[in-house]
Each structure stands twice: as structure tokens, then as C-alpha cells.
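Taking it in order: structure first as C-alpha cells, then the write-up.
Convention: sequence-line order gives letters A, B, ...; per-chain numbering from 1.
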2 protein chains.
Amino acid sequence: MRRSRPEHESIDETLRACGIIPTAQRVRIGRMVLTRPTHFSAEQLYERVNLAGNHVSKATVYNTLGLFVEKDLLRRVLVGTGKVFYDSNMTAHHHFYDVESGELGDIDAGEIEIRALPKTADDVQIEGIDVVVRVRRAAS
Amino acid sequence: MRRSRPEHESIDETLRACGIIPTAQRVRIGRMVLTRPTHFSAEQLYERVNLAGNHVSKATVYNTLGLFVEKDLLRRVLVGTGKVFYDSNMTAHHHFYDVESGELGDIDAGEIEIRALPKTADDVQIEGIDVVVRVRRAAS
DNA sequence: TGTTAAACTTAGAACGAGTCTAAAGATTGC
DNA sequence: GCAATCTTTAGACTCGTTCTAAGTTTAACA
Ligand SMILES: [Mn+2]
Ligand SMILES: [Mn+2]
Ligand SMILES: [Zn+2]
Ligand SMILES: [Zn+2]
């Protein structure tokens, strides 16, 4: 169930609407990642959230990210080995991944057509389709 | 440069043709994974290769998998968090991934149409496109 | 508003897939 | 044969992530 996050709605209300108790830590993290579409890793967030005093623990960062994913406020993006990215752009879209720099970019859903779905047995439901275009900047 | 691996060609010759010195360990692993299309993880291979005596070390398993990937004899498939699979089916195809069972299946390339490629700056070359369809067996 | 149970946060230990190290073993060219 | 190069190995190590157990906050409600 996707929910919109209009500007006038506070993070506090967004979290409540998802059944998440808006603790100080969750609101702080929410403000950082839910107010605009952004790609980031757990460690990037951990560093950023702790730049301006008021320490938030690693465990809480991971717990909160997991909770936000569970509540469809964030999605995980799997690219290279050992790298998990989070994405607060919940509209249907895909990604390109620069294998050199590790940079992640968006591809509009309209730019990739999934024509036929695989032969799905009728008890199998599709939970999502992930497309990652691996790119490399040509060596000059 | 994809090479075919006809039945009459021994693993030994396949490896040599790729510039790989066919050591006993590499040939043994090659026989297990290169003679038919198969999906497997490093630890699955490590266990299987060591079932029938003649121990092969973890380091060699990882080194060999990395070497085979580098030489385009295997590809990596990234699915769930912390799960790296290897695939000896080198024809263009995609995957579905059962998020419950962890099972991985093939989707013929023809079943998914990549219509438009993203706006690629001319110095950016596409190295590959990975499509993973996440599926879940409906709770009975 | 005080009491309490449930939910949450925390530091740090633990985990595990994957990599590295340094030494021993194999292969190759001369 | 001899030396140079390449390969394998055990086990230590790394690092992203998860777990644990204790303390803190929140929410329910008397
Ligand atoms: Mn991370
Ligand atoms: Mn594995
Ligand atoms: Zn995105
Ligand atoms: Zn496959």
C-alpha cells in the first residue's frame, strides 16, 4: 500500500500512518531520507545522522532501515557484491549502476518495457521486478 | 568473447582455450559447474566439491569462481541481501527468485523486452542488464 | 498523574561471506 | 637439475550486518 508523502505532511504523521511509533531517532532518520528521493547505504546514513551530535546507534540505523523497508517507505537496491543500497524513491523505476565508481542512478520505468511475464504457476505472485543496467565509463 | 562448450570438448580444453592453466582443482570444479547450466552459491560448491575426498580449500573455490567469471565461463547473479549466486548458463537470460525458498530460476531473454536504453552519455558503455523477478508462493 | 507493560535504543559481542597472508607445492623454461 | 613463476592451502582477518542483554522511552490506563 503506497502512501504519498506530501510536503505539508510531517514525517511524524507519515510514520504514524504506517503504524510506526515516531521515536526521536526514527523521525530524525526519516527527515534525512524520506523527504526527497535519494540513494544511500546504511553506513552513509550512519555517518550523516551522527555528524550533528545526538548519537544514534548502528543497531538503530539498521533496525530503522529494515522497518522502513517493511512498511514500504524505502526499498533495497542490490547492485554489487556486499553493497546494499536504500532508495526513498518508491515510484516504479529501475537503476543503472556504474561498476567503477559505485554510483547509482535512476531509470524511468517507461524506459524499460517488461513485455511478457514468465510462466507463473497460478499460486505464484510477482512481488517486484528489479532491473539493474551495469555501465562503465569508457577508459579514455 | 563467448565460447561454446560442445560436449566433445573436455573441460581441460575449455580452460586452456580461455587461457586458464587446467590444474586438478580447476578441472574438478569445472566438471561440476561448466558441463550443464546450473545455479549455485560458493558454499554449495565448496560442500559439493569436498564430498568425495580430495579436499579443495575455500580460497581455491573462491579464486576459481572469480577466475571463471573473469573469463566469461560463469556469471554472478545478485538476488537477496548477502546472497551471491553463480550461473553457468551464459546465454542471455534473466532470473526469477523465490524470496521464500531462495530458489533461482531462468527466464528466457525473449520473455522480457528492454525497449529503450537509458540516456547514456556517449562515453558510457552498457556492460550488462540484470533483471530479477522476485516471486512469492501465495500462502495457502 | 503514577504505575506498568510493551516497545525501543544502545554498546558491544557475535556472525558469516568473502579476502588476504605467508608458506608449501606444482609447473615451466632453460 | 635449477630457478622463476604460478597455484594451493590453512587459517587469520575484514567488514557489513545481526544479535544480545540491559537500560530507556512510550503508551495504556487506573
Ligand atoms: Mn552499507
Ligand atoms: Mn555463498
Ligand atoms: Zn532509485
Ligand atoms: Zn540462469
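Within the 4.5 Å cutoff, no side-chain heavy atoms of B:Thr64 are placed close to those of B:Ile20.
Distances were taken from every side-chain heavy atom of A:Ala59 (C-beta onward) to each of C:dT10, D:dT26, D:dT9; the shortest belongs to C:dT10. Of the candidates C:dA17, D:dC6, D:dT17, C:dA17 carries the atom nearest the B:Glu43 side chain, counting heavy atoms from C-beta on.
Here the C1' atom of nucleotide D:dT7 and the CZ atom of B:Arg28 are 15 Å apart, to the nearest Å. Taking atom CG of residue B:Leu15 and atom P of nucleotide D:dC6, one finds them 18 Å apart after rounding to whole Å. Protein atom CG of B:Leu67 is 17 Å distant from nucleotide atom P of C:dG18, rounded to whole Å. Summarising the geometry, the separation between OH on B:Tyr62 and C1' on D:dA12 is reported as 16 Å, rounded to the nearest angstrom. Rounding to whole angstrom units, NE2 of residue A:His55 and C1' of C:dA11 are separated by 8 Å. The CG-C1' distance, from A:Leu65 to C:dC8, rounds to 16 Å in whole Å. For A:Asn63 and D:dG16, the CG to P distance is 18 Å, given to the nearest whole Å. Here the C1' atom of nucleotide D:dT7 and the CD atom of B:Glu70 are 15 Å apart, to the nearest Å.
Between A:Arg16 and B:Ile20, the residue anchored closer to the 5' end of DNA chain D is B:Ile20, taking for each the nucleotide with the nearest heavy atom. For the pair B:Lys83 and B:Thr23, both in contact range of DNA chain C, the more 5′-proximal nearest nucleotide belongs to B:Lys83. Mapping B:Tyr86 and A:Tyr46 onto DNA chain C via the closest heavy atom, the residue that lands nearer the 5' end is A:Tyr46.
Between the side chains of A:Asp106 and A:His94, not a single donor N or O lies within less than 3.5 Å of an accepting N or O.
Between the side chain of A:Lys58 and the base of D:dT17, at least one donor-acceptor pair of N or O atoms lies under 3.5 Å.
Not a single donor-acceptor pair under 3.5 Å links the side chain of B:Arg31 to the backbone N or O of B:Ile11.
When the options B:Val131, B:Ile129, B:Ile114 are evaluated for a side chain to side chain contact (heavy atoms under 4.5 Å, CB included) with A:Ile112, the one that passes is B:Ile114.
At D:dT9, one or more side-chain N or O atoms of B:Gln25 fall inside 4.0 Å of OP1 or OP2 (strictly under the cut-off). Remark: B:Thr60 is in phosphate contact with D:dT9, judged by side-chain N or O atoms under 4.0 Å from OP1 or OP2.
Here the closest non-hydrogen pair linking A:Asp87 and A:His95 is OD2-NE2, 2.8 Å.
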